Amino acid sequence: MENSKVPAELCALLLVTLALSCGVLPAQTFQVGTLQVPPSQVQSGYLEVPEGPDGRTRIPVTVINGAARGPALAVIAGIHGYEYPPILASQRLAASIAPQRLKGRVIIVHIANVPSFLKRTTYYSPADQLNLNRVFPGKQDGSLSERIAYVITKEVIERADYLVDLHCGDGNESLRPYSYWMPIGNPKVDEPAKQMALAFGLDHIVIDPTRPNSAAASLYCSNTAMTRGKPAVTIESGGMGVSTDEGEIGAIERGVENLMRHLRMADGKVEMPSKVNWYEPAEVLRFPENLPEKAGLFHARVRKAQVVEKGALLGVVTDFFGKQIYELRAPFAGEVFYVIGTPPISAGEPLAFVCALKGN
Ligand SMILES: [Zn+2]
């Protein structure tokens, strides 16, 4: 019929629209640092952190570019170098994510903080004594930790659509697995981040609405993503420098895989936990800075995942001669999410993290 003829240009446009809506258009080369990764390929290499007065370093990354288009997910491990299960899980994920079946891109940072990893330092970098997860978005001409944060912000976070920052208890922290949902008052990222926390699959989720909402002073890695419009979650699984716990490493692997299904980057059913416990308030309890003694030995009186009443004794600090100088008590009823498991303690450092079930 004459009047039903469709112009060739319109046909082409319809085909492109159809292909786009089905996500079947071929992916394009994806660049991260100096890596140029064609579709359906995996490349590993380094993000260089330039030389400064305190040295230089480089960040090992693997970039997986899928055969089909989709979002870019950043998976970051080793912001704290003494946190092994995330680092080990990141290596397994790099080997198991098949680019042919991937819709989108995955940027895996295997060890963000190589100086801390190699020197086995908790919290702080051996180069500048800074906590990498308190100096984001970093500075191009700053100290080594600030330059690492700057490179991760520019090369990873700014190229990603979603981010998961993998942590565990540091080398001195005995920790039960949990996730953080950290809303910043922007529904565009807060709600998707909440769904990501659920999709990761850990059934204890801490709500922390106290993180900065300024992109210029984001301090934390996942917060840097959130303040740049990219939904992000922080995960904690493992601790105490243990690198052999398959349960904790496996939980991270399964969490990232489920997150990829949730973001429609991989086929398959999204497994949501049957019941989730939400925690708020949550408080890191520290060795006070206003005591005459500025350091000592911590002796925990509770274990990770222990439920405690308000005022319960969580541990004591003794001086270097064994005399008790401080008693740590629970500020409210809740659960011990982590407790320091080795003796050395200095003023201002964490002793335990207690979280209250929301609504209790
Ligand atoms: Zn950490």
Side-chain angles (χ1 to χ4, degrees), residues 57 59-60 74-91 108-138 144-146 148-149 152-153 156-157 163-182 197 200 202 204-206 208 210-212 218-226 232-243 245 248-249 251-252 255-256 282-286 304 336-342 344 348-353 355:
T57 187
I59 303 166
V75 178
I76 309 225
I79 289 262
H80 295 128
Y82 212 147
E83 299 180 357
Y84 301 139
I87 293 169
L88 296 172
S90 83
Q91 301 193 334
I108 299 176
V109 173
H110 293 291
I111 309 175
N113 198 341
V114 169
S116 165
F117 174 75
L118 290 178
K119 292 294 180 193
R120 298 184 176 89
T121 59
T122 60
Y123 307 144
Y124 315 113
S125 166
D128 55 18
Q129 314 307 317
L130 292 176
N131 183 335
L132 178 55
N133 212 23
R134 301 292 184 277
V135 299
F136 275 86
L144 190 59
S145 296
E146 291 168 325
I148 293 172
I152 290 175
T153 300
V156 180
I157 298 174
L163 180 140
V164 53
D165 186 18
L166 301 172
H167 289 254
C168 67
D170 217 317
N172 55 337
E173 293 171 346
S174 175
L175 175 145
R176 65 143 304 127
Y178 63 95
S179 304
Y180 281 104
W181 175 47
M182 297 172 289
F200 201 90
L202 300 181
H204 284 54
I205 303 179
V206 174
D208 184 352
T210 69
R211 302 288 164 117
S218 50
L219 301 183
Y220 306 86
C221 178
S222 60
N223 190 243
T224 302
M226 290 284 279
V233 285
T234 299
I235 307 300
E236 303 273 353
S237 178
M240 291 296 291
V242 176
S243 59
D245 192 315
E248 289 158 348
I249 301 168
I252 299 170
V256 172
E283 190 174 339
V284 175
L285 308 172
R286 298 170 186 276
K304 65 181 177 185
V336 177
F337 274 38
Y338 70 72
V339 60
I340 296 304
T342 59
E349 288 188 342
L351 296 169
F353 184 42
C355 305

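In what follows, every heavy atom counts, from backbone to side chain, and hydrogens, waters and symmetry copies are set aside. This one's a predicted model, so the numbers in the text were calculated from it and none came from an experiment. Note that ligands are numbered from 1 as they come in the structure, with each ligand's atoms numbered from 1 the same way.
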Which atom of His80 approaches the Zn ion (ligand 1) most closely (N/O/S)
ND1
Establish, from distance only, whether the side-chain atoms of Tyr123 and Glu173 form a donor-acceptor pair under 3.5 Å.
yes
Using only heavy-atom distances, determine whether the side chains of Thr234 and Ser222 contain a donor-acceptor pair under 3.5 Å.
yes
Which N/O/S atom belongs to His167 and is the closest one to the Zn ion (ligand 1)?
ND1
Assign the ring pair Phe337 / Phe353 to parallel, tilted or perpendicular, where the plane angle (0 to 90°) is split at 30° and 60°.
perpendicular
Distance check below 2.8 Å: does Glu83 bring an N, O or S atom to the Zn ion (ligand 1)?
yes
What I'd like to find out is whether the side chain of Phe117 reaches to under 4.5 Å of the side chain of Thr57, using heavy atoms alone.
no
